[in-house]
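Have a look at the structure below before the remarks.
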Amino acid sequence: LQQMERTLSCCQLKDMKRLQHGDMKLGPLRFTRRHTVLIDVDTFNSQRKFLPTKGRDLWHSDFVKMPCSQSANQKSKWDVISKKLKSLASKKTVSVKDVEEAIIKYNPKYKDQWSFDALHTFNKNIPDTENYFKTLFPKIAALALKLPDFVNKAIPLLRKGQSATITLSQVQISCLLANAFFCTFPHRNTSNPTAEYAGYPTINFNSLFGNWSERKREKLRAIMHYFKEVTDESTRPKGLVTFHRECLSYTDMPTWESCKENLSKLHITSEGQIELEGKGMLQVDFANSLIGGGVLGSGLLQEEILFLINPELIVARLFTEKLEDNECLIITGSQQFSSYSGFGDSFEWAGPYEDQSERDQWARRKTQILAIDAMNFRHCMDQYKRRHINRELNKAYCGFKGYDGHEKPDIATGKWGCGAFNGDPQLKALIQLMAAAKAKRGLAFFTFGDEYLKQSLQHIYELMFTEGITVGTLYKLLCEFSSAKHRDSDVDLFDFIKKNIRNSKSHL
Ligand code: AR6
């Protein structure tokens with residue numbers, strides 16, 4: 001009987017709900033006050049073509065300042081940039097030296113600060129068969145030059161405190177990223193805390209080109225592969241991607257202690273990865289509040305790897321202001337271009353990946369990535385404070401609850417916040433279970449090889465499931481645990497729950 005209960009409460013991967021968009025109509029693609037679409041919606045809806053929408057460039061603090069802006073100051077800069085890029089694009093082969101020289105030409109201030117040694121070493125290091133870079137650089141330059149034709153409507157910034165959405169084509173993204181590659185975005189290079197874009201991640205790729213390391217080599221392989229695909233007519237992606245910033249208002253934050261929901265279904269596994277086995281589910285990105293974290297530097301953890309194999313995600317750095325405690329970013333439709341193995345220092349680019357995900361009615365791949373940044377606990381005990389538990393619950397819930405009546409597949413997650421950010425995997429697992437239950441979605445939990453967590457989580461889940469525990473009761477247990485932990489830092493969360501679950505139900 002016990003064995004039966006075991007299989008009854010935890011479910012299998014095949015039972016998890018994935019994006020369908022079959023039974024749920026998205027309706028025609030529409031431009032609204034809160035949803036900016038950078039392609040022409042009429043030709044898209046009638047002929048499924050991806051023509052850039054007509055529009056005006058705006059040199060304004062609510063919009064991305066574009067390198068090709070016609071504003072007084074920038075116009076002459078774009079003349080210099082486009083002249084340089086044209087000269088690169090007209091050649092058959094371009095050396096790293098030429099690339100460096102071009103970038104410095106229109107970024108003269110950084111001549112002594114930016115280094116290109118990683119790009120140089122990379123070019124020398126990669127076996128000849130792969131040495132397609134010399135011919136690829138001119139193509140990236142040609143793509144970057146198309147910016148004024150491909151994106152002529154101003155791109156709004158996804159600013160803090162506001163829910164808003166941007167949909168653009170994969171070609172537009174590739175063109176923006178080609179500009180990032182050539183470091184053309186204005187006002188984005190200073191790290192001065194009072195600078196205009198201080199609250200935004202970096203976007204120009206200069207940081208990727210310096211400080212050679214083996215990590216850089218593998219990162220550059222992934223990035224160059226992306227550009228190879230998007231500059232080749234036969235492999236150029238034809239679809240759309242949506243970036244949505246969700247801001248959970250204070251009135252929508254659950255009163256956790258009075259939530260009546262029971263736990264939702266759970267699949268736990270120590271094998272597999274969120275990005276593969278979780279395809280079609282809401283895949284959690286263990287994010288930094290500055291989206292993409294160290295992807296353009298030397299970071300190579302879950303988020304950076306995700307951004308390297310799905311480079312279209314990197315464009316979020318262009319317009320997404322630092323996430324606040326009650327905010328997240330949801331990306332629908334990005335495409336995976338590369339395979340990989342390893343993690344951190346052992347990360348290796350493992351070749352092209354052919355993304356077979358179907359597309360929805362808006363020509364977006366049926367993939368959804370949720371960026372939520374956990375708190376970085378320098379002092380481990382801090383995470384047991386009630387206000388920090390609340391913060392993590394609301395952060396996860398903000399992402400899990402979905403938005404605007406969109407489809408709600410189940411969630412693929414794992415040890416969110418438990419690596420670089422030092423979280424307790426037991427606590428984080430329960431927090432995510434509670435947020436998923438409140439959002440009425442199932443959870444697939446990938447422990448990434450952690451057998452102990454898999455078994456202990458399965459055990460505690462079954463216990464809570466059998467007891468019919470609600471989110472509110474579990475929340476109160478966590479609060480009691482928080483006090484117990486501060487009295488005795490050795491108390492283990494799952495042991496505490498085992499001991500107190502019966503009492504909690506009758507007394508709380
Ligand atoms: N699938 C499932 N689990 C994974 C995967 C995967 N693909 N990759 C790693 N894990 P971490 P954090 C497990 O440290 O603590 C980045 O720089 C693995 O056990 O990436 O939230 C961001 O930009 C790992 O130890 O997430 C942030 O700055 C654990 O998940 C910061 O790291 C946590 O992964 C976020 O750190």
Side-chain angles (χ1 to χ4, degrees), residues 13 16 200-203 207-208 215 218-219 222 266-279 281-310 313-314 316-317 320 322-323 325 328-329 331 336 338-350 353 367 369-380 382-383 388 391-392 395-396 399 410-429 431-432 435 443-454 456-457:
L13 193 60
M16 305 309 289
Y200 288 77
T202 59
I203 181 65
S207 49
L208 199 58
R215 286 180 170 215
E218 298 307 311
K219 286 184 163 202
L266 174 69
H267 168 73
I268 317 175
T269 174
S270 56
E271 287 155 18
Q273 287 157 348
I274 296 168
E275 62 280 2
L276 276 182
E277 282 76 4
K279 268 232 155 63
M281 298 169 65
L282 181 72
Q283 299 169 281
V284 177
D285 161 15
F286 304 159
N288 190 289
S289 54
L290 290 168
I291 194 84
V295 63
L296 299 180
S298 48
L300 255 176
L301 300 178
Q302 192 254 11
E303 173 165 56
E304 288 90 356
I305 293 173
L306 196 63
F307 277 54
L308 288 167
I309 61 173
N310 301 276
L313 299 175
I314 298 175
R317 296 171 67 88
T320 312
K322 189 173 191 242
L323 298 174
D325 287 344
C328 69
L329 186 76
I331 303 107
Q336 183 174 340
S338 291
S339 308
Y340 79 97
S341 64
F343 187 70
D345 280 336
S346 68
F347 171 84
E348 277 182 29
W349 179 76
Y353 177 89
T367 58
I369 290 170
L370 164 66
I372 40 174
D373 55 305
M375 287 182 79
N376 186 352
F377 294 110
R378 292 198 178 80
H379 304 288
C380 172
D382 279 354
Q383 65 191 299
H388 292 156
R391 188 273 185 195
E392 301 295 68
K395 171 69 73 167
D410 287 334
I411 299 155
T413 189
K415 294 163 78 172
W416 171 51
C418 299
F421 283 180
N422 214 15
D424 171 346
Q426 295 189 344
L427 178 59
K428 275 293 194 300
I431 285 176
Q432 293 184 86
L443 203 71
F445 197 99
F446 295 86
T447 71
F448 206 62
D450 187 339
E451 268 310 315
Y452 174 75
L453 179 64
K454 178 193 156 188
S456 56
L457 180 57

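For ligands, and for the atoms within them, numbers begin at 1 and follow the listed sequence.
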Worksheet item: So, Tyr353 versus Glu275: side-chain donor-acceptor pair below 3.5 Å or not?
Response: no
Worksheet item: Looking at side-chain heavy atoms only, is the closest gap between Asp373 and Lys395 below 4.5 Å?
Response: yes
Response to the item:
By side-chain contact (heavy atoms from CB on, under 4.5 Å), Ser270 pairs with (sequence neighbours left out) Thr447, Glu451, Lys454
Fill in: Donor-acceptor under 3.5 Å (Arg317 side chain, Ile291 main chain)
yes
Worksheet item: Who are the residue neighbours of ligand 1 when the rule is a heavy atom under 4.0 Å from any of its atoms?
Response: Gln273, Ile274, Glu275, Phe286, Ala287, Asn288, Gly293, Leu301, Gln302, Glu303, Glu304, Tyr340, Phe343, Lys415, Gly417, Cys418, Gly419, Ala420, Phe421, Phe448
Table please: side-chain donor-acceptor pairs of residues 301-309 below 3.5 Å, with sequence neighbours left out.
residue: Gln302; atom: OE1; partner: Phe286; partner atom: N; Å: 2.7
residue: Gln302; atom: NE2; partner: Val284; partner atom: O; Å: 2.9
residue: Glu303; atom: OE1; partner: Asn288; partner atom: N; Å: 2.9
residue: Glu303; atom: OE1; partner: Gly293; partner atom: N; Å: 3.2
residue: Glu303; atom: OE2; partner: Gly292; partner atom: N; Å: 3.1
residue: Glu304; atom: OE1; partner: Leu301; partner atom: N; Å: 2.9
residue: Glu304; atom: OE2; partner: Gly294; partner atom: N; Å: 2.9

Discussion item. Restricting to side-chain contact (heavy atoms from CB on, under 4.5 Å), what partner residues turn up for Arg215, sequence neighbours left out?
Written reply: Ser213, Leu300, Asp345
